[in-house]
Peer 1: 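Below you'll find the structure I mean.
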2 protein chains.
Amino acid sequence: MGIYIRKTDKKIDCPMEKALHVITGKWKLAILCELNRGSCRLKDFEKHNPEASKRALTQQLKELVIDGIIEKEDFNVYPKKVIYSLTPKGQELIPVIEVLGKFGEKL
Amino acid sequence: MGIYIRKTDKKIDCPMEKALHVITGKWKLAILCELNRGSCRLKDFEKHNPEASKRALTQQLKELVIDGIIEKEDFNVYPKKVIYSLTPKGQELIPVIEVLGKFGEKL
DNA sequence: CAGGATCCAGTGCGATACTG
DNA sequence: CAGTATCGCACTGGATCCTG
């Protein structure tokens, strides 16, 4: 296991870098905060983040799934319905980014 | 005041993003960890991070100074001697990245 | 509606050479 | 020794189009 830098497939050993890597992405914090309030569908993210492109959102959702932070539930219906939610590991992430927020307030 | 995204000069309002932005950079965690053990000169960073280019190191040191995380002491001698150290704000950052590390260990 | 494919711009950072 | 300038490449993410 372990986290890998995407594309290059180079391994990250430092735990701090692994954690940082997982939350680094233009819309990841927004995604996590929104999921912390409740499960969401892609269109919800699009609605609440009109600045974000669909490409970036799906890309980052995919990475978060790979990293075990969130999970997908695909209802296999048509039109498509897929719901995202935090995994237990993702829920452990919330207090971590809250610590970040506390520090950020002092900047 | 406040943190700005470099180059674009767009303002970041979210405190979590501000904090994240400040520690995002390929060698910033390494720099901070090293400064936490004691003040350093540029050549020390180069020695302990042989993979890092001088360009990246000086660039990121500069950003950390701008963000008030570290400070320079320039001895104005020749050959040059400049020592970097954590500011009080930088010291507050240490426990924050330790929380990140704790989380990263579980990945 | 979810999300892949393609094209393109911005930017981070490595390598190297240079200056005071 | 600290720091800058230039070149070049790789990656992120925006815009748009396409499909089941």
Side-chain angles (χ1 to χ4, degrees), chain A residues 3-12 17 20-32 34-35 39-67 70-85, chain B residues 3-10 12 17 20-31 34-35 39-67 70-85:
Chain A
I3 301 293
Y4 287 77
I5 297 179
R6 299 173 232 295
K7 317 253 180 190
T8 62
D9 258 16
K10 260 221 295 268
K11 196 170 187 206
I12 304 179
E17 285 194 45
L20 192 51
H21 185 247
V22 161
I23 56 177
T24 296
K26 194 162 174 186
W27 305 100
K28 282 191 184 172
L29 287 179
I31 290 170
L32 293 171
E34 206 163 326
L35 286 183
S39 308
C40 285
R41 302 176 60 175
L42 176 57
K43 63 164 185 169
D44 297 324
F45 296 120
E46 292 185 284
K47 188 167 302 178
H48 299 315
N49 304 281
E51 310 269 85
S53 70
K54 180 178 293 196
R55 186 192 178 287
L57 288 175
T58 53
Q59 165 72 26
Q60 305 198 359
L61 286 165
K62 200 191 296 179
E63 292 180 3
L64 288 169
V65 170
I66 290 172
D67 293 336
I70 69 177
E71 63 192 347
K72 292 170 63 162
E73 186 182 4
D74 191 333
F75 287 79
N76 273 314
V77 293
Y78 198 80
K80 280 279 205 183
K81 176 175 176 183
V82 175
I83 290 192
Y84 291 91
S85 56
Chain B
I3 300 292
Y4 286 77
I5 296 180
R6 301 176 229 296
K7 321 257 178 186
T8 62
D9 258 17
K10 260 223 294 274
I12 303 180
E17 286 194 44
L20 193 51
H21 186 246
V22 161
I23 57 176
T24 295
K26 193 161 175 187
W27 305 101
K28 282 191 183 172
L29 287 180
I31 290 170
E34 206 163 327
L35 285 183
S39 307
C40 284
R41 302 175 61 173
L42 176 57
K43 64 163 186 170
D44 296 324
F45 296 121
E46 292 185 286
K47 187 167 301 178
H48 298 315
N49 304 281
E51 310 270 84
S53 69
K54 180 178 292 198
R55 185 192 180 288
L57 288 175
T58 53
Q59 164 72 24
Q60 305 197 1
L61 285 165
K62 202 190 296 181
E63 291 179 5
L64 288 168
V65 169
I66 290 171
D67 292 336
I70 69 177
E71 62 192 348
K72 292 170 63 163
E73 185 182 3
D74 192 332
F75 287 78
N76 273 314
V77 293
Y78 199 80
K80 280 279 205 182
K81 177 174 176 182
V82 176
I83 290 191
Y84 291 91
S85 56

Peer 1: Is any side-chain heavy atom of B/Leu42 closer than 4.5 Å to a side-chain heavy atom of B/Val82?
Peer 2: no

Peer 1: Counting side-chain heavy atoms from C-beta on, which of C/dC1, D/dG3, C/dC13 comes nearest to B/Leu42?
Peer 2: D/dG3

Peer 1: Are the side chains of B/Trp27 and B/Phe45 in touch, meaning some heavy atoms are under 4.5 Å apart?
Peer 2: no

Peer 1: For the pair made of CD1 in A/Ile83 and C1' in C/dC1, what is the distance, rounded to whole Å?
Peer 2: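 Interatomic distance, CD1 of A/Ile83 to C1' of C/dC1: 13 Å.
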
Peer 1: Among D/dT4, C/dC13, C/dG3, which nucleotide has an atom closest to any side-chain atom of B/Lys26?
Peer 2: C/dC13

Peer 1: Calculate, to the nearest 0.5 Å, the distance between atoms CD1 and CG belonging to B/Ile70 and B/Leu61 respectively.
Peer 2: 4.5 Å

Peer 1: Rounding to 10°, can you tell me the angle the first-five-pair axis of the helix from C/dC1-D/dG20 to C/dG20-D/dC1 makes with its last-five-pair axis?
Peer 2: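 Both end axes considered, the difference amounts to 40°.
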
Peer 1: Think B/Lys72 has a side-chain N or O under 4.0 angstrom from the OP1 or OP2 of D/dG3?
Peer 2: yes

Peer 1: How close do A/Gly25 and A/Gln60 get, heavy atom to heavy atom, and via which atoms?
Peer 2: C-OE1, 3.5 Å

Peer 1: Considering residues at least two apart in sequence or located in another chain, which fulfil the salt bridge (Lys or Arg N to Asp or Glu O under 4.0 Å) criterion with A/Lys80?
Peer 2: A/Asp74

Peer 1: Contact class for A/Tyr84 vs. all strands (heavy atom < 4.0 Å): base, sugar-phosphate, or nothing?
Peer 2: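 A/Tyr84: backbone/sugar contact only, no base atoms under 4.0 Å.
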
Peer 1: Write down the distance between CD (A/Gln59) and C1' (C/dA2), rounded to a whole number of angstrom.
Peer 2: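 Spelled out: CD on A/Gln59 to C1' on C/dA2 is 15 Å.
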
Peer 1: Distance check needed: C/dT11 P versus B/Glu63 CD, whole Å only.
Peer 2: 13 Å

Peer 1: C/dG4 P sits how many Å from A/Leu61 CG, rounded?
Peer 2: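 From A/Leu61 CG to C/dG4 P: 10 Å.
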
Peer 1: Between A/Trp27 (CH2) and C/dG3 (P), how many Å, whole number?
Peer 2: 18 Å

Peer 1: Scan nucleotides 15-20 of chain D nucleotide by nucleotide, 5' to 3', and note B when protein non-hydrogen atoms come under 4.0 Å of the base, S if they reach only the sugar-phosphate, - if neither.
Peer 2: B----B

Peer 1: Measure across B/Lys28 and B/Ile23 and return the closest heavy-atom pair with its distance rounded to 0.1 Å.
Peer 2: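 Looking at all heavy atoms of both residues, the closest pair is CB-O, 3.9 Å.
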
Peer 1: Would you indicate which nucleotide in D/dG3, D/dG13, C/dG4 comes nearest to any side-chain atom of A/Lys62?
Peer 2: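 Among D/dG3, D/dG13, C/dG4, the one nearest the side chain of A/Lys62 is C/dG4.
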
Peer 1: What is the separation between atom CD on A/Glu46 and atom C1' on C/dC1, rounded to the nearest whole Å?
Peer 2: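 Result: 9 Å.
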
Peer 1: What is the separation between atom CG on B/Asp74 and atom C1' on D/dG3, rounded to the nearest whole Å?
Peer 2: 11 Å

Peer 1: Could you tell me how far apart A/Leu29 (CG) and D/dT12 (P) are, to the nearest whole angstrom?
Peer 2: 16 Å

